[in-house]
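Small disclaimer: the values here were computed from a predicted structure and weren't measured. Note that the numbering runs from 1 along the sequence shown for the chain.
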Amino acid sequence: MNQLDFQDRHAIVTGGAAGLGYAIAQRLLASGGSVTLWDRDQAQGRQAADRLGAGCRYVQVDVADEHSVREAMQSTLRHGHRVDALVNSAGITGPNTKVWEYPVGSWRQVMDVNVTGLFLCCREVVQAMRGANYGRIVNIASVAGKDGNPNASAYSASKAAVIALTKSLGKELADTGVRVNCVTPAAVKTAIFDQMTEEHIQFMLSKIPMGRFGTPEEIAALVGWLCTEECSFSTGAVFDLSGGRSTY
């Protein structure tokens, strides 16, 4: 493992109790930092923080709820943590079905978590970062936000919105010490696969020229660097992690 310099820095990782968020938290801790996991699942969040050990703390939060996000931020600051980095990893896939059959309630839920939740977290954390004139925000988008996967319209649309929001916020903060970027992974085998049909999983695999899924550790390696001070001249940028799938 290459050594990243996150020494004495602190990060918030949303959706940090499992999957990509957990792997990213591991990488940041191994790089000398501390991490606060923001996750809705209290039992899983506490277990994750216990497993990650010293330097890791858990705060329960529903990212789609403005009041919950504000309370989570206040709790994080009360424990003496400045926020050097925010990784927005919380997300859901929604059902795999055609647009004309897509349940309206499911569409709204995907947008609430993947887009509004990310917006609320950025909105809250940016205020502290602007005050410190330093920060790194990394949003977990998806190659689906570039390509638009069939039978995943809400997920694809939500991740396209994440890419656009990243570009907007990055430009708004370009004259400060805060950098905002996103990554666009192809499919990574985590528990989120449990939300998908086997047919959709195989469709995603067929689109990856490397012929395999990514690993959480591979995503965490790039996200970890984007959280460091070394990432100084990239903002509003989209970093591809697609096994050769993306052509732009």
Is there a side chain to side chain contact (heavy atoms under 4.5 Å, CB included) between Glu229 and Phe6 once you walk through the steps?
CA-CA 8 Å; Glu229 194 170 350; Phe6 200 65; over 6 Å; no
Minimum heavy-atom distance [X]-[Y], with the two atoms named:
{"X": "Pro185", "Y": "Ile219", "value": "CB-CD1, 3.9 Å"}
{"X": "Leu165", "Y": "Phe119", "value": "CD1-CB, 4.0 Å"}
{"X": "Ala48", "Y": "Ala17", "value": "CB-O, 3.6 Å"}
{"X": "Gly177", "Y": "Asn133", "value": "N-OD1, 3.0 Å"}
{"X": "Gly243", "Y": "Ile208", "value": "O-CG2, 3.7 Å"}
{"X": "Gly224", "Y": "Leu28", "value": "CA-CD2, 4.0 Å"}

With a 4.5 Å limit on heavy-atom distance, are the side chains of [X] and [Y] in contact?
{"X": "Glu199", "Y": "Asn96", "result": "no"}
{"X": "Met73", "Y": "Ile12", "result": "yes"}
{"X": "Val180", "Y": "Thr235", "result": "yes"}
{"X": "Asn139", "Y": "Leu118", "result": "yes"}
{"X": "Phe239", "Y": "Val138", "result": "no"}
{"X": "Val87", "Y": "Val223", "result": "yes"}
{"X": "Gln3", "Y": "Ser31", "result": "no"}
{"X": "Trp38", "Y": "Val13", "result": "no"}

If you apply the rule side chain to side chain contact (heavy atoms under 4.5 Å, CB included), what do you find for Leu37 with Val59, and how did you get there?
CA-CA 6 Å; Leu37 307 178; Val59 174; over 6 Å; no
Can you confirm whether [X] is buried at [atom1], in the sense that more than 12 heavy atoms of other residues, nucleotides or ligands lie under 6.0 Å from that atom?
{"X": "Arg70", "atom1": "CZ", "value": "yes"}
{"X": "Asp50", "atom1": "CG", "value": "yes"}
{"X": "Gln7", "atom1": "CD", "value": "yes"}
{"X": "Arg130", "atom1": "CZ", "value": "no"}
{"X": "Arg108", "atom1": "CZ", "value": "no"}

Gap separating the [atom1] atom of [X] from the [atom2] atom of [Y], nearest 0.5 angstrom:
{"X": "Arg40", "Y": "Asp65", "atom1": "CZ", "atom2": "CG", "result": "11.0 Å"}
{"X": "His67", "Y": "Leu120", "atom1": "NE2", "atom2": "CG", "result": "13.0 Å"}
{"X": "Gln47", "Y": "Asp41", "atom1": "CD", "atom2": "CG", "result": "8.0 Å"}
{"X": "Ser34", "Y": "Leu29", "atom1": "OG", "atom2": "CG", "result": "7.5 Å"}
{"X": "Gln60", "Y": "Gln44", "atom1": "CD", "atom2": "CD", "result": "12.0 Å"}
{"X": "Leu169", "Y": "Cys122", "atom1": "CG", "atom2": "SG", "result": "5.5 Å"}

Under 3.5 Å donor-acceptor, [X] side chain and [Y] backbone:
{"X": "Asn149", "Y": "Ala152", "result": "no"}
{"X": "Ser246", "Y": "Ser242", "result": "no"}
{"X": "Arg179", "Y": "Thr176", "result": "yes"}
{"X": "Asn114", "Y": "Ile92", "result": "yes"}
{"X": "Thr97", "Y": "Tyr102", "result": "no"}
{"X": "Asp84", "Y": "Gly135", "result": "no"}
{"X": "Ser156", "Y": "Ser153", "result": "no"}
{"X": "Ser206", "Y": "Phe203", "result": "yes"}
{"X": "Thr184", "Y": "Val143", "result": "no"}
{"X": "His10", "Y": "Val83", "result": "no"}

Please write out which residues are connected to Val238 in a hydrophobic cluster, directly or through intermediates, given that two of Ile, Leu, Val, Met, Phe, Trp, Tyr count as joined at side-chain heavy-atom separations below 4.5 angstrom.
Ile163
For Asp147 and Arg245, what are the C-alpha separation, side-chain angles and deciding distance, and is it a salt bridge (charged side-chain N to carboxylate O under 4.0 Å, His left out)?
CA-CA 10 Å; Asp147 290 1; Arg245 173 175 169 176; 3.0 Å; yes
Checking Arg9 against Tyr134: charged group under 6.0 Å from the ring centre and within 45 degrees of the axis?
yes
Checking side-chain contact (heavy atoms from CB on, under 4.5 Å) against Leu222, which of Ile24, Asn181, Val183 comes through?
Val183
Go through Glu218 and Arg212 one step at a time and tell me if the salt bridge (charged side-chain N to carboxylate O under 4.0 Å, His left out) criterion holds.
CA-CA 13 Å; Glu218 287 173 317; Arg212 67 171 177 86; 2.8 Å; yes
As a quick check of understanding, evaluate side chain to side chain contact (heavy atoms under 4.5 Å, CB included) for Arg123 and Glu66, giving each step before the final call.
CA-CA 10 Å; Arg123 186 174 184 270; Glu66 181 181 359; 4.0 Å; yes
Check the pair Leu20 / Ile140 against side chain to side chain contact (heavy atoms under 4.5 Å, CB included), numbers first and verdict last.
CA-CA 9 Å; Leu20 293 184; Ile140 308 299; 4.0 Å; yes
Transitive ILVMFWY side-chain link Val99 to Met111, under 4.5 Å:
no
